[in-house]
Number of protein chains: 2
Amino acid sequence: MTTDPVSAVFAALADPTRRAILARLATGDATVNELAAPFPVSLQAVSKHLAVLERAGLITRTREAQWRRCRLDPAPLRTLAEWVDQYRRLWDERYDTLDDYLRAQKETRHEQAP
Amino acid sequence: MTTDPVSAVFAALADPTRRAILARLATGDATVNELAAPFPVSLQAVSKHLAVLERAGLITRTREAQWRRCRLDPAPLRTLAEWVDQYRRLWDERYDTLDDYLRAQKETRHEQAP
DNA sequence: CGTATATTCAACCTGTCGGTTGATTACCCA
DNA sequence: TGGGTAATCAACCGACAGGTTGAATATACG
């Protein structure tokens with residue numbers, strides 16, 4: 001499996017359970033059992049999800065006695081934010097155009113349009 | 001297949017070919033043939049990729065004679081940017097902490113470590 | 001030492017993904 | 001009307017994703 005890192009991150013985030021796990025971890029570290037509790041799937045399934053998140057670099061896991069503490073690593077999310085930002089211009093443009101239009105409307109409401 | 005919209009967008013972006021197609025469309029509309037040209041896969045495969053992107057709301061397609069003009073719709077990317085932004089605090093915090101650490105290191109470089 | 005707890009490993013099943021090839025539809029043009 | 005071009009539909013295939021259950025491993029604790 002030689003998937004590129006960006007694809008790995010997107011793929012990891014393309015699952016609601018995994019996104020929920022991340023949301024939970026955003027509030028603080030947790031063990032596998034703690035993370036699995038809210039979900040209607042087996043512990044093993046959650047363990048697999050965590051492996052996916054770890055491979056994508058979104059979490060790190062450290063051993064602590066018989067527990068494995070999971071911690072969110074936001075670095076890939078930062079990369080992702082930068083990737084999406086490449087396209088920001090596109091929707092900004094659209095909004096700018098709307099803004100311009102509304103502004104122009106307001107300014108020239110009592111005049112005639114060009 | 002009742003996948004939620006966010007998952008659909010992430011899944012659509014989890015493929016390098018589809019991301020390349022989006023990058024191409026960011027420079028302007030294109031037909032299926034034009035989009036397929038750079039890739040070493042069949043036209044049908046690209047057509048499928050476009051269907052995925054369309055289902056995710058990332059592109060729209062309009063008929064024009066025998067051509068089908070594809071246009072990027074940045075709206076889902078904006079949604080995605082907002083999603084990622086939920087986590088911005090986390091990496092900002094971390095970098096602040098790193099900054100603090102480095103600053104502290106610099107200041108106490110001539111003293112002994114704790 | 002033996003047992004309980006936390007977690008992963010292994011094997012398996014089903015459905016979806018990305019790709020192929022071949023046939024089909026839709027449109028233009030001479 | 002018939003041929004050429006653009007694109008999709010349909011059927012198929014191998015690989016992988018997400019789920020299960022059952023066994024194995026690691027660590028603490030009495």
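Below, read A as the first sequence line, B as the second, and so on, with proteins coming before strands; counting in each chain starts at 1. Quick caveat: nothing in here was measured; it's all calculated off a predicted structure.
Without hydrogens or angle criteria, A:Arg68 side chain to A:Arg61 main chain gives no donor-acceptor distance under 3.5 Å. In this structure a side-chain-to-backbone donor-acceptor pair under 3.5 Å is present from A:Arg18 to A:Ala11. With A:Asp85 contributing its side chain and A:Arg88 its backbone, the two residues share no donor-acceptor pair below 3.5 Å.
Contact of A:Gln44 with D:dG22 (side chain to base): a donor-acceptor pair of N or O atoms is detected under 3.5 Å.
Residue B:Ser47 places at least one side-chain N or O closer than 4.0 Å to OP1 or OP2 of D:dT8. Between B:Arg61 and D:dA7 there is no side-chain N or O to OP1 or OP2 distance below 4.0 Å.
The distance from atom CG of B:Leu43 to atom C1' of C:dG22 is 14 Å, rounded to the nearest whole Å. Spacing between atom CG of B:Asn33 and atom C1' of D:dT5 amounts to 9 Å, rounded to whole angstrom units. Between A:Leu53 atom CG and D:dA17 atom C1' the separation is 14 Å, expressed in whole Å. For the pair A:His49 NE2 and C:dT7 P, the interatomic distance rounds to 16 Å; values are reported in whole Å. Rounding to whole angstrom units, CZ of residue A:Arg19 and P of D:dG18 are separated by 12 Å. Between B:Phe10 atom CZ and D:dG18 atom C1' the separation is 19 Å, expressed in whole Å. Nucleotide C:dT7 holds its C1' atom 13 Å from the CD atom of A:Glu34, rounded to whole Å. One interatomic measurement links the two molecules: CZ of A:Arg55 to C1' of D:dG18, which rounds to 12 Å at whole-angstrom precision.
Considering only side-chain atoms of B:Gln66, the nucleotide from D:dT27, D:dG19, D:dT5 that sits closest is D:dT5. Here C:dT21 is the nucleotide among C:dT7, C:dT21, D:dT20 with the atom lying nearest to any side-chain atom of B:Ser42. Distances from the side chain of A:Arg18 to the nucleotides D:dG18, C:dT20, D:dT8 place D:dG18 closest. For A:Lys48, the listed nucleotide lying nearest its side chain is D:dG19; candidates were C:dT20, D:dG19, C:dA6.
A side-chain N or O of A:Ser7 and one of B:Arg19 form a donor-acceptor pair less than 3.5 Å apart.
Using a 4.0 Å heavy-atom criterion, one finds that A:Arg69 contacts no nucleic acid atom at all.
Mapping A:Ala65 and A:Val46 onto DNA chain D by nearest heavy atom places A:Val46 closer to the 5' end of the strand. Looking at which nucleotide of DNA chain D each of A:Val52 and A:Glu64 is closest to, the 5′-most match is held by A:Val52.
For B:Glu82 and B:Arg78, the salt-bridge test passes: some basic side-chain N is under 4.0 Å from an acidic carboxylate O.
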